[in-house]
4 protein chains.
Amino acid sequence: MVIKVGIVGGTGYTGVELLRLLALHPSVDVQVVTSRAEKGLRVDSVYPNLRGFNDLCFVEPTMGNLQACDVVFFATPNATAMHMAKGLMSAGIKMIDLSADFRLKDVEVWEHWYGAKHVCPELLEQAVYGLPETNRESIKQAQLVANPGCYPTATQLGFLPLINNNIIDTSMLIADAKSGVSGAGRSASVVGLMSESGESFKAYGVAGHRHLPEISEQLQTVSSSPISLTFTPHLVPMIRGIHATLYAPLQDTTVDLQQLFENFYAEEPFVDVLPTGAHPDTGDVRGTNRCQIAVHRPQGGNMVTVLSVIDNLVKGASGQAIHNMNIMFGLDECTGLNQVALYP
Amino acid sequence: MVIKVGIVGGTGYTGVELLRLLALHPSVDVQVVTSRAEKGLRVDSVYPNLRGFNDLCFVEPTMGNLQACDVVFFATPNATAMHMAKGLMSAGIKMIDLSADFRLKDVEVWEHWYGAKHVCPELLEQAVYGLPETNRESIKQAQLVANPGCYPTATQLGFLPLINNNIIDTSMLIADAKSGVSGAGRSASVVGLMSESGESFKAYGVAGHRHLPEISEQLQTVSSSPISLTFTPHLVPMIRGIHATLYAPLQDTTVDLQQLFENFYAEEPFVDVLPTGAHPDTGDVRGTNRCQIAVHRPQGGNMVTVLSVIDNLVKGASGQAIHNMNIMFGLDECTGLNQVALYP
Amino acid sequence: MVIKVGIVGGTGYTGVELLRLLALHPSVDVQVVTSRAEKGLRVDSVYPNLRGFNDLCFVEPTMGNLQACDVVFFATPNATAMHMAKGLMSAGIKMIDLSADFRLKDVEVWEHWYGAKHVCPELLEQAVYGLPETNRESIKQAQLVANPGCYPTATQLGFLPLINNNIIDTSMLIADAKSGVSGAGRSASVVGLMSESGESFKAYGVAGHRHLPEISEQLQTVSSSPISLTFTPHLVPMIRGIHATLYAPLQDTTVDLQQLFENFYAEEPFVDVLPTGAHPDTGDVRGTNRCQIAVHRPQGGNMVTVLSVIDNLVKGASGQAIHNMNIMFGLDECTGLNQVALYP
Amino acid sequence: MVIKVGIVGGTGYTGVELLRLLALHPSVDVQVVTSRAEKGLRVDSVYPNLRGFNDLCFVEPTMGNLQACDVVFFATPNATAMHMAKGLMSAGIKMIDLSADFRLKDVEVWEHWYGAKHVCPELLEQAVYGLPETNRESIKQAQLVANPGCYPTATQLGFLPLINNNIIDTSMLIADAKSGVSGAGRSASVVGLMSESGESFKAYGVAGHRHLPEISEQLQTVSSSPISLTFTPHLVPMIRGIHATLYAPLQDTTVDLQQLFENFYAEEPFVDVLPTGAHPDTGDVRGTNRCQIAVHRPQGGNMVTVLSVIDNLVKGASGQAIHNMNIMFGLDECTGLNQVALYP
């Protein structure tokens with residue numbers, strides 16, 4: 001089988017990361033890469049790392065250009081994919097949206113946080129939230145997958161075993177999350193300049209970040225008690241990587257947390273629970289679709305601390321999108337995602 | 001007045017930072033800089049940034065070399081200063097210890113965390129914990145000042161207004177702290193290599209870090225209820241700076257947190273409470289003795305989030321030590337510490 | 001004496017660096033800071049590192065706003081200062097231009113490289129090129145100083161002793177220069193993003209860079225033979241610093257190069273010739289107005305290699321501009337420029 | 001075919017990079033990884049990026065442990081491999097040395113630069129210098145391959161088309177080379193600390209670097225006139241990557257340099273000549289075995305400038321070693337080396 005792939009929004013970091021990973025995927029033929037701004041240019045003239053792997057030129061994102069695809073990835077800014085969704089759906093084309101357009105079920109919440117009118121709220125229910133560790137079966141059947149955000153991926157994977165086993169007080173969750181600068185995308189900006197974001201560290205969006213409702217909504221689906229989460233994102237002077245440091249008050253202090261986590265993820269190909277006492281390092285998952293997790297109970301107290309790391313562009317975006325594609329098309333889940341992290 | 005200064009341990013980062021700051025201090029003459037390893041070498045041959053500002057050579061750390069000093073700074077590894085303390089004290093020399101030897105009052109706790117026998121526990125009571133914002137009057141009278149650790153400085157300054165005003169639940173404090181790599185000092189190591197610590201982010205010491213008992217002991221002195229703190233240090237791929245993200249459950253949700261913080265620090269020259277909604281950036285205090293703080297109450301909920309940044313080598317070490325010296329000698333507190341942060 | 005200072009273009013890196021340095025200059029009162037974009041905002045709301053040092057608000061760059069100044073610094077994009085020059089000059093106000101508008105004497109060369117019509121070519125002759133090490137006497141008398149570029153400063157200071165003493169073949173000069181990213185300024189851009197410029201190294205402008213004619217024109221003024229220079233700028237993943245590695249074929253191999261350099265700069269407060277065999281590090285001049293230089297003759301051969309480092313924002317821009325101001329106003333040259341480099 | 005591989009010195013950066021690349025090589029089974037210091041430990045406990053890809057434990061580097069191997073890679077410090085070479089050779093085992101022990105043909109030159117007595121100079125003649133672009137046929141027949149140094153790889157590939165075509169003055173070659181810090185290896189050191197090497201740039205070894213005789217000796221083998229090279233290495237604050245900026249006086253200014261380079265490397269799978277006017281970026285070859293090259297003739301003058309970038313750990317070390325192994329065992333040259341660079 002060769003899956004014919006289209007990528008809408010091929011000039012951002014998640015777009016070029018899709019191209020990097022799909023270039024060596026044995027069952028995929030990338031046939032269309034769109035970019036309004038770079039229309040007509042060779043893809044590898046914009047991204048010299050792709051020389052020899054891709055000889056396409058950017059085209060405009062039209063239905064005409066995409067209609068022969070089996071699946072279309074949207075690596076676009078928010079509030080873009082929703083405008084093409086109905087057309088692609090009715091043409092029977094599968095769609096994996098790396099933006100936020102279909103991540104929330106509650107359209108009012110979506111419109112509040114994203115500051116736009118949703119143009120196809122009727123598709124929200126149909127869209128499957130593409131976190132394979134929780135929604136594998138639904139993803140298999142899905143035509144439209146909403147690929148999770150980067151912070152939500154790292155945060156949910158850390159909290160899930162605790163919430164699922166009902167052993168923490170879900171009314172006082174804290175996610176102190178740190179991201180490399182590629183998470184802000186590839187748009188010209190002052191705050192993203194190396195002169196601004198290098199050799200510095202700061203929080204942002206403390207008053208409220210769009211990933212908070214996404215995490216809360218998803219965690220609520222598996223929780224028997226109400227979720228209340230304080231979420232603080234920070235910007236780290238590095239390019240790739242997310243580190244989520246998660247805190248929750250333990251309600252059951254008899255449970256073997258290490259065993260709980262290892263069992264919970266025993267069958268998951270992309271979640272790696274580290275040995276007792278470990279401190280995962282974003283550098284050890286760089287370039288891979290892997291989440292490495294460690295669970296601690298400092299000083300044997302009542303607070304559980306979970307450390308969860310991913311590469312924001314892979315497990316936090318493009319790699320997870322390909323994982324979803326593999327599931328949707330019945331391929332081995334790891335196809336094309338068998339990377340060893342680039343260390344150092 | 002010219003204060004005759006000695007610096008024991010002049011080749012680490014806190015030592016050279018003392019030299020940088022004291023080079024332009026108008027009331028100080030640095031007369032002795034010690035280093036066993038570099039004995040005989042010119043200081044500015046090891047530190048070319050000091051060329052033209054310092055023509056001393058390193059000497060051995062002996063009482064003979066130090067006896068003419070008015071004050072001696074110890075910029076040494078832990079468990080070093082305590083061996084010279086009695087000699088200096090009985091010679092009437094003031095002493096400011098940037099290491100941890102005199103930071104804890106409880107000698108058993110000290111010996112547990114620092115893995116050594118304390119050689120002069122009788123001095124622990126006499127030693128004044130050198131956080132000017134809490135102990136100014138005692139510092140004025142002190143002969144021996146224990147300069148606070150870097151994490152403890154950023155963390156205490158963030159929690160103090162809340163604890164002092166008795167408005168948080170002190171049994172569930174969280175300090176999620178992030179430090180630049182200079183905090184690990186200037187010793188040859190693998191983990192400190194740029195290849196290891198660059199382009200990566202990780203927590204360390206989650207099971208227990210030496211700064212935890214220091215923070216707890218100090219916060220307890222101002223708290224009417226027991227302090228229970230979860231403290232997670234992380235390593236940031238930058239050289240200077242600490243960012244402490246602090247969480248506490250609010251018990252009184254009627255208080256104006258912004259006003260509370262501004263009032264609490266209104267007279268403090270080195271604590272700068274930022275306007276409502278701000279996110280302090282370690283880059284804005286780089287090279288200065290300033291702590292910048294912002295206080296948030298995300299979504300108007302019950303969790304207060306404090307963001308507190310310092311330069312770990314200045315307010316977290318050498319600058320604070322000079323601030324203490326200024327107080328001990330009756331100088332204007334800001335003498336020699338009037339820097340503008342190096343941005344960008 | 002208090003010099004009344006205006007700064008046009010206060011929101012770029014050279015503007016904020018002027019503000020940092022002038023905040024502590026004892027003979028200066030910064031009275032006007034202009035920015036069209038930030039008009040009305042407090043300067044320290046844009047630059048929190050200036051809190052407590054500056055309580056001005058940005059105003060528009062009009063003659064009315066600037067007419068009370070003794071001197072106006074232009075920290076503007078190229079082709080901006082020239083539009084206000086005549087007005088300021090006829091008002092008797094001194095002017096120090098940190099942009100390139102008055103650096104070249106040959107207006108055709110200027111118009112070729114800067115792609116604009118020069119609006120006051122008659123001022124080019126009158127403008128003094130503000131490299132104090134070569135033009136100190138002219139600067140004293142100047143009303144209009146053209147502050148040198150960053151690369152030209154590091155490059156000229158390295159070549160000058162060799163050319164002045166007529167011991168190299170000036171027809172085959174090579175300047176392989178490397179700059180931190182702050183040299184590109186504080187404008188939103190994709191190439192300046194940390195995701196693009198971090199963890200990478202590349203040359204740029206190999207075919208031709210605007211600093212090439214500036215260096216050539218200036219070196220020609222002290223050379224008895226024609227200058228032919230190959231100049232290659234590179235972008236280094238750091239914020240501040242320029243390292244120029246200079247090569248020239250030696251024509252006289254009997255000269256003691258170390259002695260030559262030391263003698264040439266013996267009286268210069270801001271040029272520091274390092275000992276034989278040294279490798280200057282940009283980190284050792286960070287935040288200072290100092291140029292550190294080392295001269296080598298590898299394997300005793302016929303090629304001389306000069307290593308020259310500066311902080312591009314200080315000696316390469318704002319510090320040198322203040323040095324020029326000090327000279328123009330008869331102050332001690334080092335006033336306000338007595339910094340120790342921020343190491344590490 | 002499955003090649004049984006041993007790696008001596010598995011804990012340095014070239015060792016772990018061999019493990020990363022070989023983990024996914026379809027014709028290789030890594031059977032032995034040695035480390036005296038880490039003997040007995042699981043490889044993936046030291047390198048968590050290898051979890052799931054390698055379940056070996058480190059063993060001692062003895063003949064007994066290595067005798068079943070088809071090929072042994074030495075990723076050891078200099079002057080180590082030579083002690084095991086005779087034993088392996090007489091056992092009929094192929095050997096690829098990533099250190100410098102067999103790179104020079106002239107034993108006196110080797111002993112001068114490496115400060116040791118060579119224990120098997122009789123093997124120097126037999127050893128094949130493993131730059132496939134020049135020595136492919138000899139490598140096919142070799143039992144002992146001396147894998148080139150990182151700087152020599154980038155430098156030779158840039159100069160080769162010019163020297164081979166006899167169009168430059170080889171008596172005045174300049175290689176201004178810049179390397180990421182991983183080139184210094186994974187040994188505890190002060191100079192390698194991020195606090196020292198981050199946010200700074202400096203040259204080193206200007207008086208003489210061990211890669212100079214290697215480059216000269218190799219270039220001389222293809223040059224009809226004597227090679228005289230000035231080589232200046234610099235340290236870049238990034239982890240991976242080498243950028244060599246090469247200068248040579250053109251003797252024939254009629255030649256089409258772009259065409260010359262494209263023709264010269266037309267058949268080479270790992271040398272990619274960029275289009276006219278390009279500036280290769282180390283980031284575009286990160287993690288790959290590719291060399292990207294651009295050739296310039298600034299201002300149409302007589303100096304040719306070549307820009308050549310590689311990943312020092314891949315094309316400059318472990319990737320090239322695997323390329324050599326592929327050639328030695330008759331595999332497709334690109335087997336296991338088909339990576340897309342990790343951008344950003």
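Below, chains carry the letters A, B, ... as their sequence lines are ordered, and counting in each starts from 1.
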Who wins among [options] for the most heavy-atom pairs under 4.5 Å with chain A?
| options | value |
| --- | --- |
| Lys202(B), Met172(B), Arg297(B) | Lys202(B) |
| Val309(B), Ile239(B), Leu235(B), Ile242(B) | Ile239(B) |
| Met238(B), His234(B), Glu199(B) | Glu199(B) |

(request) Using the six-membered ring wherever Trp is involved, compare the ring planes of Phe201(A) and His243(B) and label them parallel, tilted or perpendicular (cut-offs 30° and 60°). (result) perpendicular

(request) Indicate the ring-plane relationship of Tyr151(B) and Tyr204(B), choosing parallel, tilted or perpendicular according to the 30° and 60° boundaries. (result) tilted

(request) Identify which of Gln299(A), Lys178(A), His296(A) forms the greatest number of heavy-atom pairs closer than 4.5 Å to chain B. (result) Lys178(A)

(request) Considering only heavy atoms and a distance below 4.5 Å, find which of Val236(A), Thr305(A), Asp284(A) pairs most often with chain B. (result) Val236(A)

(message) As a quick check of understanding, evaluate side chain to side chain contact (heavy atoms under 4.5 Å, CB included) for Glu217(A) and Arg103(A), giving each step before the final call.
(response) CA-CA 10 Å; Glu217(A) 189 180 286; Arg103(A) 289 184 192 154; over 6 Å; no

(request) Applying side-chain contact (heavy atoms from CB on, under 4.5 Å) between Ile227(A) and each of Ile215(A), Thr221(A), Thr170(A), report the one that passes. (result) Thr170(A)

So what's closer than 4.5 Å to chain B heavy atoms on [X]: side chain, backbone, both or neither?
| X | result |
| --- | --- |
| Leu193(A) | neither |
| Leu307(A) | side chain |
| Arg286(A) | side chain |
| Thr230(A) | side chain |

(request) Using modelled atom types only, decide if a donor and an acceptor are shared between the side chain of Gln292(B) and the backbone of Val285(B) within a distance under 3.5 Å. (result)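 Judged by distance alone, no pair lies under 3.5 Å.
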
(request) Please check if the side chain of Glu214(A) supplies one atom and the backbone of Gly149(A) the other of a donor-acceptor pair under 3.5 Å. (result)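 Yes; judged by distance alone, with no hydrogens or angles, the pair exists.
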
(message) Do Pro298(A) and Val206(B) have side chains that approach each other closer than 4.5 Å (heavy atoms only, starting at C-beta)?
(response)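 Answer yes - side chains close enough.
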
(message) Under a 3.5 Å threshold, yes or no: a donor from one side chain and an acceptor from the other, between Glu196(B) and Tyr343(A)?
(response)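 Tyr343(A) and Glu196(B) do have a side-chain donor-acceptor pair below 3.5 Å.
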
Under 4.5 Å heavy-atom distance to chain A, tell me which part of [X] shows up: side chain, backbone, both or neither.
| X | answer |
| --- | --- |
| Leu212(B) | side chain |
| Pro280(B) | backbone |
| Phe231(B) | neither |

